[in-house]
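To find a chain, count down the sequence lines: A is the first, B the second, and so on, and within it residues start at 1.
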Amino acid sequence: MTTTLQQLLTALTQTQAYNDLLGFLSAEGFPVTAWPAGSVERTEMMAISSVLVDVVTNYIPAIAGGNFLDYAATDWLRLLAAQKFNLEYNKATATVGLVTLTAATGSGPYPFNAGDLIITFGASGNRYTNMFSGTVPLSGDLPGVLFRAAFAGSQYNDPANSGDITLVTPLPGVSLTNPAGDYSDPVEHVGAGTGDLTLGGTPIGSHQVLINIDSSGASGVASWSYQLDGAPFVSVGAVSSVTNLGGDGINITLVNGGSGTSFVEGDTYLFSTPGTWIQDQGSDDESNDSLKGRCRGRWSSLSDIATEEYYDVLARSTPSVGSQVTQVIVLPDAEINNRLNIIVAGPEGALPGGTVDDIQAYVSSRPRITDNPVVQSPAEVDIALAGTVYVSFSQLATAQAAAQTAMLDYVNGVGINGTILLSRIIELLMEITGMIKINVATVTINSVAADFVLGDSSTFEAASLTIPLGLTWVTV
Amino acid sequence: MANYGVDTSRILDRALVSTLVTNPSILIAQWIARAWQTAKGALATIGDDPNYGLAGGGLVQYVNRRLSPNEIAAMQANLEAAALYSPEVLSINVSVSFTQSGSLTINASGQATTGPFFLVGNVNSITAEAVFNFLQGP
Amino acid sequence: MAVQQTIAQWLRGEGGGVNIPWFSGRENGAAWVNGWGGYVDAQISLLKEAARANWPDYGPTDALPHQAGDAGLIVSQFEVEANQRTRIKTAWGDHGRRGQPVELLTQLYWAGWGGSVIVQQNGLGYSLSAAPTAGTDPTGLLVITDLGETIADLNLFPAPQREGITTSGQTAALSPAGAASTRVITSKTIPAGNSWWMFDSRTDLCNRFAVIFPSSTPALLTYGIATFAAATFATVTWNNSRRFQDENYLTLVGAPVVTSGSPPGSIYESSSGRTTTSTTITASSAWTGTALVIAFPAGTNPFCNASDSDLNVVRTIIRRWKPGTTKCVGIYALVSGLMWGWPADQTWGDAGLKWGGQVITFSTP
């Protein structure tokens with residue numbers, strides 16, 4: 001009899017195993033007929049069947065499934081990926097961010113070495129350690145001190161301007177901040193030009209701006225265009241500055257370099273708003289689904305004709321980026337032939353500019369002739385939930401915490417240009433222990449009682465849930 | 001469901017040569033002897049009846065202990081309960097005594113659906129090993 | 001369970017698990033569960049090995065040729081096992097370079113046909129500057145050579161004359177009268193000063209190439225080193241373990257190279273010690289040193305010969321890794337002297353050159 005794959009993957013119960021054994025013994029004319037609990041042969045068969053069930057339930061499915069992407073998971077999957085697809089899984093990365101140390105009047109100077117300083121974020125309890133040496137000056141500031149999370153993982157994504165950072169290794173009179181300006185810093189520049197951008201204004205909302213130099217020259221002579229949040233490029237001509245770009249309060253000024261050609265045709269400048277204190281976003285070990293996707297996409301790397309899957313694999317396989325990329329969508333540009341928009345995001349949404357730049361450099365070195373791949377992050381859209389929920393009095397606190405976790409996982413995990421389902425929100429909230437009922441008519445996403453669609457074919461958006469949740473909790 | 005027909009003989013350990021037990025009274029007595037050695041719940045580890053066995057652990061729990069009369073009475077009741085778990089055991093009377101060296105002697109007799117049964121157990125105070133004898137009875 | 005246990009341990013209740021004294025707690029019962037449980041443990045281990053047998057880092061040695069086959073590779077006796085495993089695992093990269101000269105050269109190298117040069121009719125030659133490394137893109141090792149230039153316009157008549165075929169530019173006439181078809185070949189003129197490799201008079205088939213071996217390569221020379229350590233005999237193992245199907249071959253025993261002490265009066269092969277993969281060299285007296293021994297089938301050139309299976313390997317590799325539209329016209333091994341066209345900067349008629357030499361041609365794939 002040929003054993004099917006499904007048979008190999010189907011778990012066996014102990015009762016089935018015991019009865020199968022009993023059947024074999026009976027067929028052989030085994031003389032024992034006493035079968036109550038505690039009888040000798042029954043006990044032996046129960047022991048044997050429990051072992052067999054363990055083998056059949058745990059080992060055989062794992063072993064048989066271990067050679068299939070559809071069934072392999074974690075350890076087996078990582079082995080399969082390495083052995084058959086020559087792909088190593090992307091390991092977790094640690095968050096790296098910039099912190100400013102300020103010595104009060106009369107305090108300092110405080111020299112320190114790498115690893116001397118340990119800081120804690122009060123809200124999360126997350127700890128970070130300094131990566132390089134430095135000195136906090138007497139009565140002064142030391143900005144831009146790089147700190148690395150104590151452990152790798154996506155949970156190390158504390159907000160900017162925290163206001164609640166303390167030194168575990170005390171330096172008397174020293175306070176800490178992790179400021180994030182209006183814009184990402186520095187502006188990511190690719191190309192040979194010596195010029196730079198000065199950014200100003202009062203930006204409204206979260207945006208990503210890509211500047212392309214269309215013709216070479218100095219500021220005011222070079223013509224350039226901008227792409228806002230993945231939309232088609234808009235030419236501004238040969239101007240030295242633009243105010244209130246796209247109506248979003250973004251001011252851009254081209255500043256000449258000290259020598260050479262300031263702005264060279266083909267150069268790009270990338271920045272986002274608001275800025276972030278995070279240089280490298282912490283991430284977890286690559287998920288099973290992501291690794292499976294890369295394995296399947298590996299086949300596309302053999303073809304001389306690049307497919308969308310090929311660029312997806314490249315974006316996820318950029319060596320220095322690792323598992324920071326957890327979402328990728330590849331879309332042909334709506335305006336320019338052979339231009340591919342590769343939208344990437346991490347576990348907490350948009351990736352830092354430097355990370356996007358690294359991915360762009362990796363992908364740009366490996367395109368097919370006439371392809372123009374453009375890597376970018378989605379714009380982040382704030383998502384505010386509201387609604388009236390009824391919870392058991394004794395479980396209010398735990399339900400609130402569980403609701404926040406569930407909503408964060410769902411909304412932030414919807415994906416680039418995904419749809420946030422009202423029904424799913426209600427369903428997840430109802431699954432929380434202690435939840436009694438929800439006034440469905442009051443549940444809204446950004447004040448609208450309907451599903452929320454992110455982005456479209458020319459704009460790329462990812463959700464960023466507003467916390468604390470705007471739910472109204474009624475105890476019963 | 002009870003089906004006390006024939007079983008392999010086993011009291012303390014697996015025999016090098018297996019023999020069948022067909023005598024109903026010895027069959028029941030061996031079953032009881034095994035139950036007394038087994039902590040209640042031990043069979044659950046292999047997915048079998050969790051109520052089989054002696055509450056509090058096997059007979060070893062009573063070795064080298066100074067038992068008060070009440071504790072001895074409780075011990076006897078425990079032994080009887082473990083035996084009566086079998087629906088084939090209609091009644092049982094257990095008496096225990098300690099030798100000067102601390103070894104434990106258990107005398108049990110009772111009625112099963114198939115007739116009377118007897119067993120005597122001696123639990124060595126030093127090795128905690130039990131030795132059972134199954135008497136045919138008068 | 002919190003603690004890793006074997007099935008046998010679990011059945012004995014070691015570290016947690018089954019605790020039934022009369023079942024597995026005493027001597028015979030424990031022995032029984034050790035045996036039975038140990039057997040199941042062994043089967044599980046085998047199951048795991050079976051699953052991993054197809055994986056290059058874990059499969060047994062005898063699985064490697066099958067893994068290689070599944071990956072479209074040929075592993076050879078000329079590479080160590082670790083090399084084979086790495087190549088199988090990284091076959092993705094190799095196949096991404098299919099059709100490229102660097103990969104054909106690399107695949108030939110691993111099969112024992114290293115040192116090869118690809119020469120194209122349209123004037124380019126390719127070779128590797130160094131031995132490739134398994135699992136590493138060899139593109140950086142590629143040496144591209146402009147082959148020798150034609151010194152005059154190349155416009156040769158096709159030969160021999162065939163029915164209906166005329167010389168350049170003229171329409172063919174039916175010949176003999178009533179022939180079913182004509183075949184017209186117009187000979188293309190290649191101006192002087194162009195790099196070129198001439199296979200024949202056809203100037204229009206620039207999809208042709210050849211693989212040449214300007215120097216010896218392991219698959220073409222079977223040899224071993226006899227090492228004597230104050231002894232009167234030494235075993236020689238052939239570098240090519242698959243060269244011979246039986247013990248009917250000849251040997252050439254080279255002069256002894258003494259490393260200490262005095263040389264022996266004579267050294268010779270003891271045919272009684274011969275196998276398909278080795279032989280025994282005997283000395284008239286004990287000595288210390290080495291001697292080169294060459295083995296070859298009767299009737300072949302001792303310094304340039306290949307087994308049918310090795311030839312089939314190189315033919316298979318060429319066929320598999322060349323572009324589909326190209327044709328390999330031959331495999332040429334230089335035995336002595338110089339080869340027409342290689343090296344590319346060799347000028348015929350230079351002082352000191354002498355006519356003579358030998359090239360062995362192996363049939364095309």
Problem - Aromatic ring pairing C:Trp36/C:Trp32, orientation class (parallel under 30°, perpendicular over 60°, tilted between) - result: parallel
Handout entry: Where at least one partner belongs to residues 99-129 of chain C, residue pairs that pass ring-ring contact (aromatic ring centres under 6.0 Å, His included), sequence neighbours excluded
Key = C:Trp113-C:Phe213
Handout entry: Which of A:Val55, A:Thr43, A:Ile48 touches chain C most, by non-hydrogen pairs under 4.5 Å
Key = A:Ile48
Fill in the blank from the handout: Heaviest contributor of heavy-atom pairs below 4.5 Å to chain A, chosen from C:Gly37, C:Pro56, C:Gly59, is C:Pro56
Problem - Atom group of C:Ile7 that falls short of 4.5 Å from chain A, counting heavy atoms - result: side chain
Problem - A:Arg316 and A:Glu286 ion-paired at < 4.0 Å - result: no
Exercise for the section: For residues C:Val33 and C:Val18, determine if any side-chain heavy atom of one lies less than 4.5 Å from a side-chain heavy atom of the other. Expected result: no
Completion exercise
Those residues at least two apart in sequence (or on a different chain) that pass ring-ring contact (aromatic ring centres under 6.0 Å, His included) with C:Trp196 are none
Practice task
Under the side chain to side chain donor-acceptor pair (under 3.5 Å) rule, what do A:Asp289 and A:Ser287 come out as? Steps first, then yes or no, please.
Solution key: CA-CA 5 Å; A:Asp289 285 344; A:Ser287 69; 5.7 Å; no
Handout entry: C:Val40 versus chain A, the contacting section by heavy-atom distance below 4.5 Å
Key = side chain
Completion exercise
Honestly, the part of C:Ile88 sitting under 4.5 Å from a heavy atom of chain A is neither
Problem - Exercise: do C:Asn240 and C:Asp310 side chains pair donor with acceptor under 3.5 Å - result: yes
Let me have the donor-acceptor pairs involving side chains of residues 89-99 of chain C, under 3.5 Å, with sequence neighbours excluded, atom names and distances please.
from    : atom 1 : to       : atom 2 : distance (Å)
C:Lys89 : NZ     : C:Asp57  : OD2    : 2.7
C:Thr90 : OG1    : C:Thr86  : O      : 2.8
C:Trp92 : NE1    : A:Lys84  : O      : 2.9
C:Asp94 : OD1    : C:Arg97  : NH2    : 3.2
C:Asp94 : OD2    : C:Gln107 : NE2    : 3.4
C:His95 : ND1    : C:Arg98  : NE     : 3.4
C:His95 : NE2    : C:Ala71  : O      : 2.6
C:Arg97 : NE     : C:Glu103 : OE1    : 2.7
C:Arg97 : NH1    : C:Gly93  : O      : 3.4
C:Arg97 : NH2    : C:Glu103 : OE1    : 3.4

Practice task
Name, in order of residue number, those residues of residues 60-68 of chain C that have a heavy atom at a distance of less than 4.5 Å from a heavy atom in chain A; otherwise write 'none'.
Solution key: none
